[in-house]
Structures are given as structure tokens and as C-alpha cells.
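Below, chains carry the letters A, B, ... as their sequence lines are ordered, and counting in each starts from 1.
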Amino acid sequence: MSIRLYNTLTRQKETFKPADPQRVTMYACGPTVYNYAHIGNARPAVIFDLLYRLLASKFPNVIYARNITDVDDKINQAAADEGVSIDVISSRFTRAYREDMGALGVGRPTVEPEATAHMKQIIEMIQRLLEKGHAYEAENHVLFDVASFPEYGGLSRRERREMIAGARVEVAPYKRNPEDFVLWKPSGDDDPGWDSPWGRGRPGWHIECSAMSAAHLGEVIDIHAGGQDLVFPHHENEIAQSRCAHGRETFARFWIHNGFVTVDKRKMSKSLGNTLIVHELLKKWPGEVMRYVLLSAHYRQPLDWSESALEQARKTLDRMYATLRDAGPAPDTAGDLDPAIVEALEDDINTPTALAHLNRLTRELPNLEGNERQEAMGRLVASAGLLGLLQEDPAVWFRGRQEASGIDSEKIQALLEQRSRARKDKDFATADRIRDELIDQGIEIEDSPEGTRWKVISA
RNA sequence: GGCUAGGUGGCAGAGUGGUUAUGCAGCGGCCUGCAAAGCCGUCUACCUCGGUUCGACUCCGGGCCUAGCCUCCA
């Protein structure tokens, strides 16, 4: 089976065939590092991490680049607010981003280029655009001349006329056309800036992705990914810059866009102030629970984030880990991947269907014996691994939450011993009283042939 | 106004021209001193109006509703 992906360029699912199977290239728009990532930022990180794993399982050499935007006016603002230099801000939040995404099971991409480290490439690309007549200088700015690229709007399917009619922003007077966008802008004395043929300044937002993907992946790449809100104008502008600078027919062959995370059905965004910060959520919920929630809807659909979605995911993972725990020791060798799960993921990353099959494997497991059971366990763990789930030792999974809740396990243990003595004496009133006390504390107990187990139910 | 996605059972959420999604919750059973957990079984669906078809939740058209983009945004 081959991988099929929905391509925004053609608005349909297409079979993914890399230009060069020996060197598959993928670029995803990464974070602007001026504060902590919210759960809406985490969705593409998780989804494209999964896509990368999937590609890597099929092709010998996949290069995945995810940039760090460390030149941005919001970073400047944050730095000014604290009275520190921008690299203090950007390195702090770059580190936080990697930690937080790591907690969600997101691996590091092959390359993580930073804009500040690519000023030379950015300036060279702008020069090339000027030379080819696709850009012009005006009042210390360099602007991209949209009129010079007739195919502008192809990705987002917009007509230039309509864009002008619907524009809500004031048009800078030095623009030839309202839809022209900035490649380079001047920096004031207090702003961070780099020397350029057009004076001391800094790059516009779009050019860094074009320059860095060309530098690390090549002029034409297989996949370019990002959030749906980047389709216009960011990705449209990237296409214009890259194709014009390189004189190629194509920039990215496949464009993949994820849907939004919503809260109360409204898009989670910094401007609406309804963001939930991953760094904060991790204090209450295991990263794996959040990953499960993020995978529970198809990546192109909106995903409504809620406490109940988290609880449901936690319960489901509890059941899976409990099944693994009760199934005995894990097999030594890596298991085979479940074909249905692979098939679901290869069909435009259908994670809900993949999770349904993961649940099926979990359900089947207790009914199997001997070798069959060992094989099924291996298959479950290996298949879940493709999704970045169930890689924890079950004991660690359950213990982790006890530690996080700060509960004194020795005290619990003492109460449980008291209860089992009472039960032995048929003093069920006392036994049940102890159980009720524990439930009040958010502790649930389970009697099993191996003795009484307990777990934290309220996080 | 232009352009995009959607409207599925109590909730979340896949999918298909005629056959069980799955999870959580509910209900019944097994198990248990009683529970919990687990297992087995089970009830609630496909926005609306037309059309195509032997047959549509699934295809086509109209309508209603929701969200998003057109400004920084994943």
C-alpha cells in the first residue's frame, strides 16, 4: 500500500510519490518563539511528527525540517518588556517548545533551522527576486511584486481582485499594489537588525521559510505542512517567492494543512485569549493523554478541546495499559505492525480509525493464550508505537500518576492492609468504610487475585 | 461580499451506495461479601427539502445552521 494524502493544491487525496524516493523532503512551519506553545500549536507538531514516522517507515531517507522563527516583532516586544535581548527570549521558548512537544511524544525533526542563522540566504533570495524583476524597493522596504506572478492565489484559490475588495487593512502608501508583501523592512535604532544592501533591517515573515527550505531541502520539496490559517497569505506568499526566485514550476508538490483546535467550538488563538498552554496542561495531564486527544479526530477536522475529552482519553489509555499489565510480561522481540492500523494511517493519516483498531487489538488480547497472546501483545505495542502511544511500562504509567498527585502511598498501603484484615474477619462495614474514605480522596481500589491494587482517578 | 470546511446515536468521532466503526457514558449478565476493574451482551444515528437509483446517511441540486480564511495566528 502506498500513502495517500489530501493535497490542498488539488483539493483531493492523491497517492504520495516522492520526486526522489532516496531523498524525501518535508517542511513544516514551526513556532515563533516568544512565549509558550498552546495546544493549537501542538496539533501540527504531533500530526506532522506522525507523518514523518510514517514516511520514515516507508522510505530510507526522509529529511524533515521544522523551522524556529526567532525574528519577529512579537519577540522584539517581549524582549523590550523584560529589558533583555531577543535571543534570551527566543532561546528560552525554543527550549520550552522542545520540552513540551517532547512530553507529547513529538520527536526532533531532522533539522530545525533558525531564521537568525540564515540571514545570508534570506538576503540572497531577496536579491535574486529583485534581479528577476519580482520585487522592488520603496522607502527602505523591499516588496514582492504580486503582479509579476500571474499564478498568485492558486493555493488558496483567490482572485486578486477579490482580495483587494475584501482587504480590511490599510494599504501602505509605498506599495504598488495592495497585495504586495514585505520581503525586507528597515529596523529602527532600538530594533534588532542586520546589514543588507537596503540598509539595516530585518526580513518579512514569509521569506525565511522559503530561504530555509531551499537551503536545507532544495528548491522543490515533496511536502510542505502547516496549519490551515497559513494557507493564506503565508503559504501563498512562500510559493510566489520560491517559484519566482528559483524559476521553477513547483515549490512544494504536496501541501498538507491541519484543522484548528477549538474551545467551545471557537478557534483557539492568541488574539481571542482562549489559549490553553501545553506547559500548564502538562502539570495536570500526562503528555500521552494529550497526544491521544489530539489524534482522536482526523487532522483536517476541527478538534474541540475539553476536560471531558481528556478524561475520556485517560480512561481509554488506562484500560489499554491495564490490559497490557494483566497480560503478563511483554515479549522480548518487537512485534509486527497491525495491517489495519498501517492502512488507516496511510489513508490520509486517519488516526481515529487507527485508534479504533488499537482498541480492537486491546479487546482481543485477554481472550488469547500462549504464543498467540505474546504475538498480539507485540502487535499492539508495536502498532501503538507508530502512533506514539503505549510505549510506557504499564507499572510506570500507573505509578507516574500517583507520584504526580503527591499522594502518600505508604499511608494508602496501611489503610489497604487494615481493610484486608477487616475483610478476613468478615467485618465488611469497616472494610467498606475504608474504601469510601479512599474514594473521597480520589483513590479507586481494585481487588484482584494478586491482591488489592489502587490508582488515582482524579488528577 | 468572496473563498474553504462541516452538520452522524447521550457525548466525542470514523466510514460506506444495500452488511458491527471505535471510545466514553447508560442498561443487562458473569465475576465479587458488596463494589471496582475486567469480560460478554445491548439500546439511542446519520440537519432539511427535492432529484438520480431496484435501493442513499453515503451521489447531485436548493435551503437552513456552524466554524474558519480574506489582518498576526498552528
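Both distances falling under 3.5 Å, in either a Watson-Crick or a G-U wobble arrangement, occur for no nucleotide opposite B/rU20. Shown here, B/rU44 forms no base pair; nothing in the strands shown gives a Watson-Crick or G-U wobble contact with both key distances under 3.5 Å. With a cut-off of 3.5 Å on both pairing distances, the Watson-Crick or G-U wobble partner of B/rC59 is B/rG51. In this entry B/rA5 has B/rU66 as its Watson-Crick or G-U wobble partner, both defining distances falling under 3.5 Å. Under the Watson-Crick or G-U wobble criterion, with both distances below 3.5 Å, B/rC31 has no partner in any strand shown.
Set against B/rG33, B/rA37, B/rG6, the side chain of A/Ala431 has B/rG33 as its closest nucleotide. Picking from B/rA74, B/rA36, B/rG33 the nucleotide with the shortest atom distance to the side chain of A/Pro44 gives B/rA74. When distances run from any side-chain atom of A/Arg435 to the nucleotides B/rA14, B/rA74, B/rA35, the shortest one goes to B/rA35.
Between A/Glu238 and A/His234, the side chains place a donor N or O and an acceptor N or O closer than 3.5 Å (distance only, hydrogens not considered). Inspection of the A/Tyr34 and A/Asn76 side chains reveals no N or O donor paired with an N or O acceptor under 3.5 Å. A/Gln77 and A/Asp73 share no donor-acceptor pair across their side chains, judged by distance under 3.5 Å alone.
Base engagement by A/Ile445 is indicated by at least one non-hydrogen atom pair under 4.0 Å involving a base atom. At a threshold of 4.0 angstrom between heavy atoms, the contacts of A/Gly40 include nucleobase atoms, whether or not backbone atoms are also involved. Among the atoms of the strands shown, base atoms are found under 4.0 Å from some heavy atom of A/His38. A/Glu311 comes within 4.0 angstrom of nothing in the nucleic acid, heavy atoms only. Using a 4.0 Å heavy-atom distance criterion, A/Asn367 is classed as a sugar-phosphate-only contact. A/Lys74 comes within 4.0 angstrom of the backbone, heavy atoms only, and of no base. Nucleic acid contact class of A/Arg11 (heavy atoms, under 4.0 Å, all strands): sugar-phosphate only. Residue contacts shown for A/Ala309 are absent, as no nucleic acid heavy atom lies under 4.0 Å away.
With rounding to whole Å, A/Tyr34 atom OH is found 7 Å from B/rA74 atom P. The separation between A/Glu437 atom CD and B/rA35 atom C1' is 16 Å, rounded to whole Å. Taking atom CG of residue A/Leu272 and atom C1' of nucleotide B/rA67, one finds them 12 Å apart after rounding to whole Å. One interatomic measurement links the two molecules: CG of A/Asp304 to P of B/rG68, which rounds to 11 Å at whole-angstrom precision. Between A/Leu303 atom CG and B/rA12 atom C1' there is a gap of 10 Å when expressed in whole angstrom units. The interatomic distance linking A/Arg325 (CZ) with B/rG38 (P) rounds to 9 Å, in whole Å. Distance A/Arg314 CZ to B/rG23 P: 17 Å, rounded to the nearest Å. Whole-Å rounding puts the A/Phe260 CZ to B/rA74 P distance at 10 Å.
Nearest-nucleotide positions on RNA chain B place A/Tyr6 closer to the 5' end than the other of A/Thr32 and A/Tyr6. Two residues, A/Pro233 and A/Tyr299, neighbour RNA chain B, and the one matched to the more 5' nucleotide by heavy-atom proximity is A/Tyr299.
Within the structure, a side-chain polar atom (N or O) of A/Asn350 is placed less than 4.0 Å from OP1 or OP2 of B/rG15. For the pair A/Arg363 and B/rG23, the criterion of a side-chain N or O lying under 4.0 Å from OP1 or OP2 is met.
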Q: Please assess A/Thr69 against A/Val33 for the test side chain to side chain contact (heavy atoms under 4.5 Å, CB included), listing each intermediate value before the final yes or no.
A: CA-CA 6 Å; A/Thr69 297; A/Val33 281; over 6 Å; no
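Summarising the local packing, CG of A/Asp264 is surrounded by 12 or fewer heavy atoms from other residues, nucleotides or ligands at distances under 6.0 Å. Atom CG of A/Asp326 has more than 12 neighbouring heavy atoms from other residues, nucleotides or ligands inside a 6.0 Å radius.
Taking the ring axis of A/Phe48 as reference, the NZ or CZ atom of A/Arg66 does not stay both within 45° of it and closer than 6.0 Å to the ring centre. The side-chain tip of A/Arg243 does not point at the ring of A/Phe149 from less than 6.0 angstrom away and within 45° of straight on.
A/Ile434 contributes atom CD1, which lies 14.0 Å from atom CD1 of A/Ile443 (distance to the nearest 0.5 angstrom). Rounding to the nearest 0.5 Å places OH of A/Tyr321 at 9.0 Å from CG of A/Asp393. The OH atom of A/Tyr64 lies 6.5 Å from the CG atom of A/Asp49; values are rounded to the nearest 0.5 Å. With values rounded to the nearest 0.5 angstrom, A/Leu55 atom CG is found 7.0 Å from A/Leu5 atom CG. Considering OH of A/Tyr36 and CG of A/Asp100, their distance stands at 7.5 Å, rounded to 0.5 Å. Here the straight-line distance linking atom CD1 of A/Ile207 with atom NE2 of A/His118 works out to 13.0 Å at 0.5 Å rounding.
Separating the P atom of B/rC65 from that of B/rG23 is a span of 36 Å, rounded to the nearest Å. For the P atoms, the distance from B/rC27 to B/rC43 is 16 Å, rounded to whole Å. Going from the C1' atom of B/rG18 to that of B/rC59 covers 14 Å, rounded to whole Å. As rounded to the nearest Å, B/rG9 and B/rA5 have C1' atoms that lie 23 Å from one another. A gap of 33 Å separates the P atoms of B/rU16 and B/rG1, to the nearest Å. Nucleotides B/rA25 and B/rG10, compared at atom C1', are 7 Å apart to the nearest Å. Look at the P atom in both B/rU58 and B/rU8: the space between them is 13 Å, to the nearest Å. B/rC39 and B/rA45: their P atoms are spaced 26 Å apart (whole Å).
Within residues 262-271 of chain A, the residues having any heavy atom closer than 4.0 Å to RNA chain B are, in order of number, A/Lys265, A/Arg266, A/Lys267, A/Met268, A/Ser269, A/Lys270, A/Ser271.
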Pairs under 3.5 angstrom, nitrogen or oxygen only, protein versus nucleotides 24-32 of chain B, please.
| residue | atom | partner | partner atom | Å |
| --- | --- | --- | --- | --- |
| B/rC24 | OP1 | A/Arg319 | NH1 | 3.2 |

Look for any protein N or O under 3.5 Å of an N or O in nucleotides 17-21 of chain B and output each such pair with its distance, or none.
none

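Taking 3.5 Å as the limit, the base of B/rA74 and the side chain of A/Arg43 contain no donor-acceptor pair of atoms between them.
A/Lys284 has a carboxylate O that lies under 4.0 Å from a charged side-chain N of A/Glu307, or vice versa, which qualifies the two as a salt bridge.
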